[in-house]
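Sequence lines set the chain letters: A, B, ... in the order given, protein chains first and strands last, and positions in each chain run from 1. Atoms considered below: every heavy atom in the structure, side chains included; atoms not considered: hydrogens, waters and symmetry mates.
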Amino acid sequence: MYKIIAEGTGPLFMDPDPDAARAFFRTKPRALAPKVMKVSQAVERFVHDGEYLAIGGFGANRIPTAICHEILRQNKKNLAFAGHTSTHDFQILAAGEAFDRCDIAYIIGLEARGLSAHARRYMESGKVESCEWTNYAMACRLKAAAMGVSFVPARNVLGTDTFIRSAAKIVECPFTGKQFVLFPALWPDVSAIHVHESDIYGNCRLKGISIADLELARASKHLIITCERLVHNDEIRSDPSATVIPYFLVDAVCEVPFGSYPGNMPYEYYSDEVHLREWLNVEKDEEQFREFLDKYIYSVKDFTQYLELCGGIQRINELRAQEHLIEVE
Amino acid sequence: MYKIIAEGTGPLFMDPDPDAARAFFRTKPRALAPKVMKVSQAVERFVHDGEYLAIGGFGANRIPTAICHEILRQNKKNLAFAGHTSTHDFQILAAGEAFDRCDIAYIIGLEARGLSAHARRYMESGKVESCEWTNYAMACRLKAAAMGVSFVPARNVLGTDTFIRSAAKIVECPFTGKQFVLFPALWPDVSAIHVHESDIYGNCRLKGISIADLELARASKHLIITCERLVHNDEIRSDPSATVIPYFLVDAVCEVPFGSYPGNMPYEYYSDEVHLREWLNVEKDEEQFREFLDKYIYSVKDFTQYLELCGGIQRINELRAQEHLIEVE
Amino acid sequence: MADYNVMEMMITAAARNLEDGASVGVGTGAPCAAAMLAQKTHAPNLVVLFEAGGVSPQLPTMPISVGDSRTTYKALMASGMCEIMETCQRGMVDYCFLGGAQIDKFGNLNSTVIGDWAHPKVRFPGSGGANDFASFCWKIMVITPQDARRFVEKVDFITSPGYLGGPGSREAAGLAAGTGPFKVITDLAVMGFDEETKQMRVESLHHGVTFDQVQENTSFQLLKAPEIAETLPPTAEELRILREEVDPHKYIIGR
Amino acid sequence: MADYNVMEMMITAAARNLEDGASVGVGTGAPCAAAMLAQKTHAPNLVVLFEAGGVSPQLPTMPISVGDSRTTYKALMASGMCEIMETCQRGMVDYCFLGGAQIDKFGNLNSTVIGDWAHPKVRFPGSGGANDFASFCWKIMVITPQDARRFVEKVDFITSPGYLGGPGSREAAGLAAGTGPFKVITDLAVMGFDEETKQMRVESLHHGVTFDQVQENTSFQLLKAPEIAETLPPTAEELRILREEVDPHKYIIGR
């Protein structure tokens, strides 16, 4: 009656045991303590070679670009990565060859903009062990972890090669006799999410779509927040309904204005399509791409300097106008 | 390896088959159409004898009191009821003996206020078939339905009589070999939820805790919304991040200011402890209780008249002051 | 007859399949243009959902990403990925639009790899939300150029399920009852699926196109609908709306 | 020694078990008062969660309901039931407070029925969130009056799990490793659980109470801790805070 019907053949990069996760979360501090630090400190302290990393946002929207750059600068290696609706963040991390294992839902592409030549080369190089999922499958894996259980059932991937190359399992439902796929919980070692507002403790607000970030925040063992702006704790307490990530999930808070650049930040600034196009173009030539990375990431001190290189306040102002559909002469 | 370890002995009042639910949802209208109607019309059209009913809110907080009263006035019978964090709403429906099947998580009591004598008599009378759950178990059942799957796993009820008297099943996790309880999906035929604001189509906002109402809204086949106030659709579109229930889940929108009275409505008015105490006191004597119900519900035309009986605007103003912690001389 | 290009033909043909009051999960590009055109013509009550969370925006311009801020401009709700996908999984979403590097006669789609999965000739982005939409929504629509390397006998990798191995396969695999591919709209024709065999069949040919031409650009044997019509070309009014309101910058139709 | 009543003693004893920086799921009444007292004395960083969704409010008065608006007054987050219960299920919540009509030597709690479930002598509210908290939180605390009808050999119905049948039972049933009853605080004593047998044992007696008195009010054999201390009575400062700041209207301590 209740049996395993099929098992995916893909590798499971993380242990889906909720008791192992609980043992970690038992020790995670709950006290309301200030966590503001520099991006470089956050990456130093919470991103370690060999660990499993996930990045919030969707595509190039509301992504913690500064964290991705810093991971390259600090030359982090052998990470496992959640390639979940991952576009520009994936492109950056692939540029640094920071990961060697990848859960794939959507990678390489930048949606309507085209494919990243370098990310594709890297994924075709044989250097990366991978496992196939879907966007919702990865969201389910994070949801299971956020719930504190080892799996969540769904009705996708059934009958496809996506299932065969996943690490999911198909079982018969004991209530209906129907087949469901079970997605194993994923507790990333560390994640980074960019939000609109946070207080110094990590109580966060965001506007617009939340994508899978609320699940991700709850699933992650360590969580780095970058925010457009810090707000006072009194402001958070004045409207607790607006808090979407509570501080006790958060390990580091970094104020990074325009931190989703060159991606889009809803209600703040639109994506810089010119700069993103430059990435895609320059990737076609490996030598040129190395120079480009050196100029924009490796030789750069911090995110502010990167913004200056990309046109500084004037460019940001143009993107702010674009976001608000204002025609500037 | 993967087996059913134990099965609860309780009755399952609703079919947990997601294809049956999908067949219904396929036919549910999606067009943006006005749905404003009177409470009496909403109950006439969407609450039918014998169906499964759920009520939003928690305890006496943010409950759609007007719908509960109207169910009594229209003498609805043989309902099945989701006794999920149900206090004053349960008390009202038990007063009308409107249900004869009950999924129990929390019933009879009014939290710190004490127990409802009549609701207890009714539940001890043998007239109600019941099944035991917990608050989170019921939330999981609604979550499974909201997800469109037939079950959700959890780690509660294990080892207890609560499990034995439930309709849940315990299985071995195919990933970890550990035991999990699976809670079957619950798609109520009809639910009523009270919110702060809705537009005429049913796009809803609320402030303060959401309890299990977001899951309930998505799980319900039919959904009646009562709201403190109608707002224009332009207002909804001006801040889409604030919408928590989209219109296509909603069948009826009833504007009922002070609609959670005598319960608490966060940011609006506090609970009327005097009136709730009167309910608890008068229930001790069955004859007195009949007169009380006749006075406050059966002889009353609508919710506005009920509010007048309870002290009208002056009483409401007192409760508004209490909510905002303002001492009025 | 008005002058129009193949992209305009494809978008128009897609739009006409979206009836008023239906719901559709869309991506960027042609599907989004089709949904917008439908809303501005016969289907003002078409409900548009974006997988990243946007519900019923009043799109001011074409989004570049299915998660960019255009997808929630004056929207009714800005939610999340689970919200959208679970709305689909519950059976509330009628249509979705998909694409892919390969499609077979059962409408199975490949957007993962060309060649062997473990040692791919070409690596593509993977499912994204495609498998999810293809599994959950009632009717799958595909807009794609028609050529023999794309329309193949067997896809190298089934990323997203069509009718899998044929009649009954979706149900046997556990996919929701009554779902599956509905229309495939190309630069040459509109194809549907034979009810008995679940195989792709030509239902209408665009102006000036012959069945043999379509077959030449397809590596499997195409079936024929009982009657093969000429695809109705875009009307002048449809073209005006498409060019002036839906895609004034010609991001999609200009190609 | 300050003058105080048993409720003040119980609340104070409970508060002292909540260390700074811990998290606790509380209900209305004494547990809430204990958490507030702890915050205002030795545990300013105690994280208070209410099952209906409130996180870390600055409680202006005692809530009447665990979901009323006091539970989110100047709170850090107003969330929902799944948010709170899943925070517990993930292992982020250290303590919870429970009550019940019956408790046995293993700390199993009954808040469902007295008598046979199918034909109850008395029907109670049921689990509510009690079973959830008891399953998910690391340490269960119980505040309850001690009498022989309440402290029974075998509860009529296990609503919420204590150590079930004894050592290893929770783990065998699939409950999270390392969880279980921690303290039972009554009007007479503070009890813990023997590590070997998982049975209730007296750890401290309130001023003027003997072990025999506690045993007389208990229907099962109580164990004794290696050393039984006298429960430290409330200090003058604790009483002042409790009476002036935590419960000035004496809703809880006045009874």
Task: Check: D/L76 and A/N233 side chains under 4.5 Å, non-hydrogen atoms - done: yes

- [ ] May I ask you to establish whether D/R90 and A/W187 are in a cation-pi arrangement, using a distance under 6.0 Å from NZ or CZ to the six-membered ring centre and at most 45° from the ring axis?
- [x] no

TODO: Measure across A/R22 and D/W138 and return the closest heavy-atom pair with its distance rounded to 0.1 Å.
DONE: O-CZ2, 3.3 Å

TODO: Check each atom of A/F248 against the heavy atoms of chain D and say whether the ones under 4.5 Å are side chain, backbone, both or neither.
DONE: both

Open item on the list: So does A/M147 get a backbone contact from the side chain of D/Q89, meaning a donor-acceptor N/O pair under 3.5 Å?
Closed with: yes

Open item on the list: If I take atom CG from residue A/D239 and atom OG1 from residue D/T72, how far apart are they, to the nearest 0.5 angstrom?
Closed with: 10.0 Å

Task: Salt bridge A/D234-D/K74, side-chain N to carboxylate O under 4.0 Å - done: no

- [ ] Working to the nearest 0.5 Å, report the span between OG of D/S56 and CZ of A/R30.
- [x] 12.0 Å

TODO: Ignoring hydrogens and angles, tell me if any N or O in the side chain of A/R26 forms a donor-acceptor pair with the backbone of D/D94 under 3.5 Å.
DONE: no

Open item on the list: Taking the side chain as everything from C-beta on, heavy atoms only, tell me whether D/V47 gets closer than 4.5 Å to A/Y247.
Closed with: yes

Open item on the list: Looking at A/K38, I'd like to know if its NZ atom is crowded, meaning that more than 12 non-hydrogen atoms belonging to other residues, nucleotides or ligands lie closer than 6.0 Å.
Closed with: no

TODO: Identify the heavy atoms of D/A75 and A/P240 that sit nearest to each other, and give their distance.
DONE: O-CB, 3.4 Å

Task: Rounded distance [0.5 Å steps], OG1 in D/T179 versus CG in A/D19 - done: 8.5 Å

Task: Spacing of D/C82 atom SG and A/R218 atom CZ [to the nearest 0.5 Å] - done: 11.5 Å

TODO: Go through the atoms of A/S241 and report whether side chain, backbone, both or neither lie under 4.5 Å from a heavy atom of chain D.
DONE: both

Task: Part of A/A33 lying under 4.5 Å from any heavy atom of chain D - done: neither

TODO: Working to the nearest 0.5 Å, report the span between CE of D/M77 and CD1 of A/I236.
DONE: 11.0 Å

Task: Residue-level interface, residues 194-208 of chain A with chain D, non-hydrogen cut-off under 4.5 Å - done: A/N203

TODO: Counting only heavy atoms closer than 4.5 Å, note whether A/P246 contacts chain D via side chain, backbone, both or neither.
DONE: both

Open item on the list: Distance check, rounded to the nearest 0.5 Å: A/R237 atom CZ versus D/Y73 atom OH?
Closed with: 11.5 Å

